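In what follows, a structure is listed as C-alpha cells, so that the remarks can point back to it.
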Amino acid sequence: MRATRAHRKAWTAVFAALALTSLLLGAFGLTLVSAWSAHPRAERYAGADLVVAGDQNTRFSATSLGDRETASAGLTERVRIPRTALSVVRGVPGVRTAVPDTEFPVGLADRPATGRPWGTARLAPYALRTGRAPERADEVVVGDGAGRGGAGGVEADRGGVGRLGERLTLRVGGRDAVYTVVGVADGPRTAVWFTGAEARRLSGHPETLDAIGVVAEPGTDRAELAGRVRNALDTAGVTDIGHRADGDPAAVRVLTGSERGEAEFLAAPPARGELLAALGSVAGAVVLVALLVVSSTIVQALRQRSHELGLLRAVGATPGQLRGAVGREVGRVAAWAALVGAAGAAPAYLGLRALLAARGALPTGLELTLPPLLWPAPLVTAAVTVLVARIAALIGCSRTATARPAEALRERAPGRARGITGLVLLGVGASSAGTAALQQGATAAAAAGAAAVTMVIACAVLGPWIAEGAMRLLGTPLRLFGPGGRLAAANCAASAHRLGAAITPIVLVTAFAGVQLSGGATMTHAADAQARQVLRADLAVRADGGLTAGAVERIRELPGVRAATEIVPGAVLLARSELGSPELERLPVFGVTPERLTRTLDPGVRNGDLARLRPGAVAIGADRADSLGARPGSTVTLRFGDGQEARLRVVATYERSIALGDFLLSRDELLRHTSMPGAGRILVAAEPGADRKALTKALARAVPGARVERDPAPVRGEATGEALAEVVSVAVVAAIGAFTVIAVLSTLVLIATGRRPELRLLRLAGAGRRQLRRMLRLEAAATVVTGLVVGAAVASVPLLAFSAATAGTLPYLPPVQAAAIVTVVVATAAAGSLPPVRGTLRGRYVPSPSGD
C-alpha cells in the first residue's frame, strides 16, 4: 500500500491503459454477444404462427485430415417452394389459414416498389386505412408509409405511393400497365398489393411460392403444429425448386418465433455470420494489442523501481515475497481500472452499434439483441483485464525476483534467449508474408495480418537491439545540433534499452494501422483504377423502377449508337477446398449482354471471345482462372444466389477482375437466379462525331421513365461486407491509436520522471535549460523517427506480399491517413517528453558558463 502511494504517478499510466483495455474488451464483448443473439425481425410475418419457406442455406462438404467437414453459407436470393406445398399445409390439423406469399419488383414512376397478393396483408397484419381490398385485376392497394402507428384517413393517403381513386402506371416484368388505387393500408410506402390471381400472373413463376404464412387454430400449440406441418411436407416429398448440388439438401423449412424473419430479410442471416467473423477478428487484435501495451506499461513502471526492488531482494526479501507484493500492488490498481472500464463498456457498445448503422454495415431487418443474461459480460472482460495485469506484473519483476541478492542491484543486459526468440519471430513473420504472396482473397489478407502481428511482437522482443542500432545511425546527425545534440547522442547510446520500450508502441501503431488501412485502400485504389480503364461507354441509361422490356434492343437501333450493353450486378458462391477444409466464397459478379461488349466495356481479354458469353457460359478473371486451372473450353461449377448449381463452359479469361469481379455471366443467366432484380443500367457507346445532346434526348424517348447519364459512373463490383470491413478498420485503428497514445505517453512520462536526478546532475554540471530542452526534443525525435521507420518497414513486408498477390500493384495509403498516423505519434511524443520535467529544468542551479 505504501508503494502504491509512493509511485502513484507511475501507476496512473498503468491505470489508464488497463481502464481502456477493460472498456474496449467489454464493448467488443457486448457487441459479439449481441451479434451472436441477433436475428432478422419478423415484420410481414409478425401475425403468422408459422412460416413455410425454402432452405436459405447452401452446404459444401470435404474431407480434411480424414474427417468429413461441412461449410455452409446463407443465400441472398429467394429459394422458392412448389405451389403444391400449399394444399399439403392446408390439410394439416390445427391450421386455420395458410396464405401463399410471393413478391416481385414493381416500378413506380422513378422508384422501385414491391408487389404482393393482398391476402398476405393479414399476416403482418396490415389493416386498411381507407377504401377496400382489390377485387379486379386492374385494382391495387398501396401502403401509406406510416406503419401501424401512423396517422390514418386522408392524411395517411397522402403519405403513400398514391391516393384513393388515382390511376397508377406500374412497371412489372418490363411492361407498363395502369392500375386504380382502391385502398390505402398501413404498410410500407414501397408496398403494392394486387389480387391473388393478378399477383400470381405478374410474379413470372405461377407454379412456385416464396413462402406460406400459417395461422393456427385458437388453442393450438405452435411447436406441436410445426412438427405436424414438417411431417406432412416430408411425407408428401415437398422440396425446394431447382437443381442443388450433391450433398446440399433441398428440404423445406418450417419457421417459428424469431426464425420467421429469416424468410423475409434474406440478407440478414449471412450478414450476421460476417459480422461475427469481423468482430471476432477485431476482438482478437484488440486483445493482442492490449497484451502488448499493458505488459510494456507495467514492465516500464516496475523498471523505474528496479533499484528499489533490488534493494528489497538484497536485504533478504524472498522471491515469493517480492512477487506477492508486486502482484497485490498491480492487482489493486488493475481492479479499480477494470471496473472503471467496465462501466464505460455499455456506452462504447452503443456507439459502435450507432457507427455500424450509420455506415450501412448492417442489412435491413437484422436486429442486434442483448438478452439480460448477457449484460454482465463486461465484468467477465474486467476479470480478464485483471488477470492480464497480474501476469504482466509477474513478468516485469521476474528477473529481479530470481536474481541472487548480491546481484539484484546490478542492471543486466537482455539475454541471448530473448534475441534468438525475436529473430525466430521475424523469420515466422517473413514466412507468413511469403504465404500471403502465394494466396488470394481472404486467405492472403489473413496471412498478411498474421505476418504483421508476428513481426510487431518480434520488434517488441528485439526492442533494445533495434534502439541500439538506430541510435548508432542517428548519433552522427544528432551531434550536428550543438551541445544539446551531443548530449542527446550520448544519452541515446547509453540508454538504448530504455528507448526500446518507447519505440515499441510507435512500431505497433505504425505497423498495425498501416496494414489495416493500407490493405483496404490498396484494393479500393486498384479497383477504382481498373474501373476507369474498363469503362468505354459515353452514356448510360438507368431506370430506378426497372427498364422496360427490349430497351437495349431499341437503343441499339437509334442513330448515333455504336453499341449498347445491359449490365446487372449479382453474386455467386464458389465451393472449394482450402488446405483440405471446405469453403464457400461469396463473390460479386456482373451479368451482361455480349453483343459488341468490348465497345462499352474493356475487361482486358487475355484468351477467348466474350461474344460467346451466352446462357451456360462464363468468362473468368485471369487470376481466378489460374487458381482453378481453367481456360477457354473447360468448365467450372458455380452456385447462384438461390442455391442452384450449374456447370458453365469457360469462353474467355480477362485481366481486370478487381473491378469486374472474378466471373462475367450472361445477363439472362444471372436474372434466372435473381428473385428481386436491382436497378440495372445500359451502357451506350456513341458513334464518332455523333451529336451527344441529340442522342441523349433520343435515349430518353426510347426508354420511358429512364434517366440518361452523360458522365456514367465506372463499372465496379462491390464485395459483400465492404461497409462492414470499413467500420471494422475504423474501430481497429481507433482502438490501436488510443492504446498507442497511452503507451507512448505513459512510457515517455515514466522515462522522463525517472531521469529527474540525471537532469539535476546535468544542471549542476553546467548544462543550460536551452541545451537540455534541445536534448530532450532530439531524443524524442530520434525515438519517433526510429519507431516510424521500423513500423513502416514491418508493415511493408506483408503489404507488399498482399498487394502483389491480390492487386498486382504497390501498397497504397491515402496521404491524409499517413499524415494522421505521423501527427498522432509526434504529438504524443512531444507531450510525454518535456512537460514531466519542466519543473526540474526550472529549478535554481549553478549558472552555466554560457549564462543560460
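Just the heavy atoms: all of them, side chains too, but no hydrogens, waters or symmetry mates, feed the values below. Keep in mind the model is a prediction, meaning the values are calculated, not measured.
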Under the rule for side chain to side chain contact (heavy atoms under 4.5 Å, CB included), what residues qualify as partners of Leu23, not counting sequence neighbours? Ala348

Measure the CG-CG distance between Leu352 and Leu24 for me, rounded to the nearest 0.5 Å. 10.0 Å

From Leu487 atom CG to Arg774 atom CZ, the distance as rounded to the nearest 0.5 Å: 11.0 Å

Which heavy-atom pair separates Ala780 from Ala829 by the least distance, and what is that distance? CB-O, 4.4 Å

Nearest non-hydrogen partners of Gly429 and Met455, listed with the distance: CA-CG, 3.7 Å

Is there a donor-acceptor pair closer than 3.5 Å between any side-chain N or O of Arg272 and the backbone N or O of Trp36? yes

If you look at every heavy atom in Ala489 and Arg479, which pair is closest and at what distance? CB-CG, 3.9 Å

At what distance, to the nearest 0.5 angstrom, does OG1 of Thr454 lie from CG of Leu425? 7.0 Å

How would you list, by chain and number, every residue that makes a side chain to side chain contact (heavy atoms under 4.5 Å, CB included) with Val380, sequence neighbours excluded? none

Name every donor-acceptor pair, under 3.5 Å, that has one atom in a side chain of residues 505-515 and the other anywhere in the protein, sequence neighbours excluded.
residue, atom, partner, partner atom, Å
Thr510, OG1, Ile506, O, 2.8

Do Val388 and Thr21 touch side chain to side chain, with heavy atoms closer than 4.5 Å? no

Kindly give the heavy-atom pair with the smallest separation between Thr522 and Ser803, and that separation in Å. CG2-CB, 3.8 Å

What are the two closest heavy atoms between Ser22 and Gly341, and how far apart are they? OG-C, 3.7 Å

Within the side chain of Thr524, is there an N or O that forms a donor-acceptor pair under 3.5 Å with the backbone of Ala521? no

On a heavy-atom basis, the closest approach of Arg353 and Ser34 is NH1-OG, 4.4 Å

Do the non-hydrogen side-chain atoms of Phe15 and Val340 ever get within less than 4.5 Å of each other? yes

According to side-chain hydrogen bond (donor to acceptor under 3.5 Å, both in side chains), does anything in residues 781-794 pair up with another residue at least two apart or in another chain? List the pairs. none

What pairs of residues pass the side-chain hydrogen bond (donor to acceptor under 3.5 Å, both in side chains) test when at least one of them lies in residues 369-388, not counting sequence neighbours? Ser37-Thr369

Do Leu426 and Leu462 come close enough that some side-chain heavy atom pair is under 4.5 Å? yes

Any heavy-atom pair between the side chains of Arg486 and Phe481 that's under 4.5 Å? no

Once you round to the nearest 0.5 Å, how far does CE of Met775 lie from CG of Leu478? 11.5 Å

How many angstroms lie between atom CG of Leu778 and atom CG of Leu474, to the nearest 0.5 angstrom? 10.5 Å

Ignoring hydrogens and angles, write down the donor-acceptor pairs under 3.5 Å from the side chains of residues 811-828, residues two or more places apart or on other chains.
residue, atom, partner, partner atom, Å
Thr823, OG1, Ala819, O, 2.7
Thr828, OG1, Val824, O, 2.6

Rounded to the nearest 0.5 Å, how far does CG of Leu30 lie from CG of Leu368? 11.5 Å

